[in-house]
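Labels below follow one simple rule: chain letters A, B, ... track the order of the sequence lines, proteins then strands, and each chain is numbered from 1.
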Amino acid sequence: KQEVTQIPAALSVPEGENLVLNCSFTDSAIYNLQWFRQDPGKGLTSLLLIQSSQREQTSGRLNASLDKSSGRSTLYIAASQPGDSATYLCAVRKDTGRRALTFGSGTRLQVQP
Amino acid sequence: GAGVSQSPSNKVTEKGKDVELRCDPISGHTALYWYRQSLGQGLEFLIYFQGNSAPDKSGLPSDRFSAERTGGSVSTLTIQRTQQEDSAVYLCASSLVLATPTYEQYFGPGTRLTVT
């Protein structure tokens with residue numbers, strides 16, 4: 001059974017810092033990995049999707065990397081801003097069988113102005 | 001264009017009552033998913049629809065839960081004889097399945113269900 005772990009569970013940083021969120025998964029047979037952002041009381045916003053054949057994806061100040069063989073992904077946020085405060089979730093999709101996502105428990109980020 | 005929409009946004013019901021939650025996926029998206037987000041449980045998969053194929057119901061927690069998707073578009077999740085442990089946010093997502101799909105999922109805002 002696929003298990004997804006996110007470290008740290010919570011993080012508080014001053015504005016302007018670069019930061020790294022970590023995600024690990026136990027079964028490397030994945031189709032892709034998706035990073036989401038969730039604001040309090042809201043749904044999930046897709047940030048980046050990395051296919052299993054890719055090593056990284058970038059969008060603006062966000063960069064996500066994937067090391068499939070070691071079961072790890074990182075989300076790098078450059079020059080953090082108070083508006084980045086949210087919970088960040090990573091999720092993986094298996095390459096066969098069930099097509100649903102398996103989610104980590106998230107990292108709750110607070111960026112202090 | 002319009003994203004995934006869900007209704008109602010909030011639902012309070014008494015224990016033992018039935019509830020129906022609705023999801024309107026992004027137009028043209030053939031894949032539709034239901035997830036549940038509970039305190040202390042994280043996000044868990046419930047059910048998946050893809051085109052005219054039989055749905056993947058493997059995540060439904062009990063036979064009190066059912067879902068249907070009419071006309072390959074709108075989906076309704078029904079919970080019968082609700083229990084307090086059913087209190088959660090129910091999220092719907094859809095994705096576009098192409099010849100070489102990414103299966104990138106787009107989520108709706110969710111329905112917060114509270115069973116009293």
Side-chain angles (χ1 to χ4, degrees), chain A residues 1-7 9-10 23-27 29-54 56-57 59 62 64 66 73 86-108, chain B residues 2-7 9-10 21 23-26 29-51 53-60 67 88-98 100-112 114:
Chain A
K1 177 186 173 184
Q2 178 75 272
E3 292 185 2
V4 181
T5 304
Q6 291 187 246
I7 295 173
C23 172
S24 61
F25 45 94
T26 55
D27 185 352
I30 66 168
Y31 188 89
N32 59 31
L33 182 145
Q34 210 167 341
W35 281 95
F36 295 90
R37 167 186 174 136
Q38 186 173 32
D39 293 281
K42 301 292 177 71
L44 277 64
T45 300
S46 180
L47 297 173
L48 290 164
L49 180 146
I50 311 177
Q51 294 292 85
S52 61
S53 58
Q54 297 174 323
E56 66 177 343
Q57 284 286 337
S59 176
L62 305 180
L66 174 64
S73 176
T87 296
Y88 291 80
L89 295 156
C90 79
V92 297
R93 181 190 178 281
K94 287 182 63 178
D95 59 4
T96 59
R98 175 182 286 185
R99 291 158 174 82
L101 294 170
T102 301
F103 283 84
S105 53
T107 293
R108 190 168 63 254
Chain B
V4 178
S5 61
Q6 293 186 245
S7 60
S9 55
N10 281 284
L21 312 179
C23 171
D24 279 276
I26 293 172
H29 282 197
T30 57
L32 186 148
Y33 315 75
W34 283 97
Y35 295 86
R36 177 169 72 174
Q37 189 172 31
S38 310
L39 279 175
Q41 296 290 327
L43 260 155
E44 55 179 339
F45 163 74
L46 297 176
I47 188 169
Y48 163 75
F49 296 90
Q50 168 50 37
S53 302
D56 176 356
K57 306 178 182 180
S58 59
L60 294 178
V89 176
Y90 290 81
L91 292 162
C92 175
S94 69
S95 61
L96 180 62
V97 182
L98 302 172
T100 307
T102 65
Y103 294 109
E104 183 169 9
Q105 295 186 25
Y106 297 87
F107 281 76
T111 293
R112 180 175 299 277
T114 303

Any chance you could measure Phe107(B), atom CZ, to Leu89(A), atom CG, to the nearest 0.5 Å? 9.0 Å
So, taking the atom named OH in Tyr35(B) and the one named CZ in Phe103(A), what distance separates them when rounded to the nearest 0.5 Å? 5.0 Å
Contact class of Gln6(B) relative to chain A, heavy atoms under 4.5 angstrom: neither
If you tally heavy-atom pairs under 4.5 Å against chain A, which of Gly42(B), Pro109(B), Ser95(B), Cys92(B) wins? Pro109(B)
With sequence neighbours excluded, what pairs up with Ala86(A) under the side chain to side chain contact (heavy atoms under 4.5 Å, CB included) test? Arg37(A), Asp39(A), Tyr88(A)
For Glu44(B), all residues meeting salt bridge (Lys or Arg N to Asp or Glu O under 4.0 Å), sequence neighbours excluded: Arg36(B)
Heavy-atom distance under 4.5 Å to chain A: side chain of Leu91(B), backbone, both or neither? side chain
Walk me through it: do Gln105(B) and Arg93(A) pass the test side-chain contact (heavy atoms from CB on, under 4.5 Å)? CA-CA 10 Å; Gln105(B) 295 186 25; Arg93(A) 181 190 178 281; 5.6 Å; no
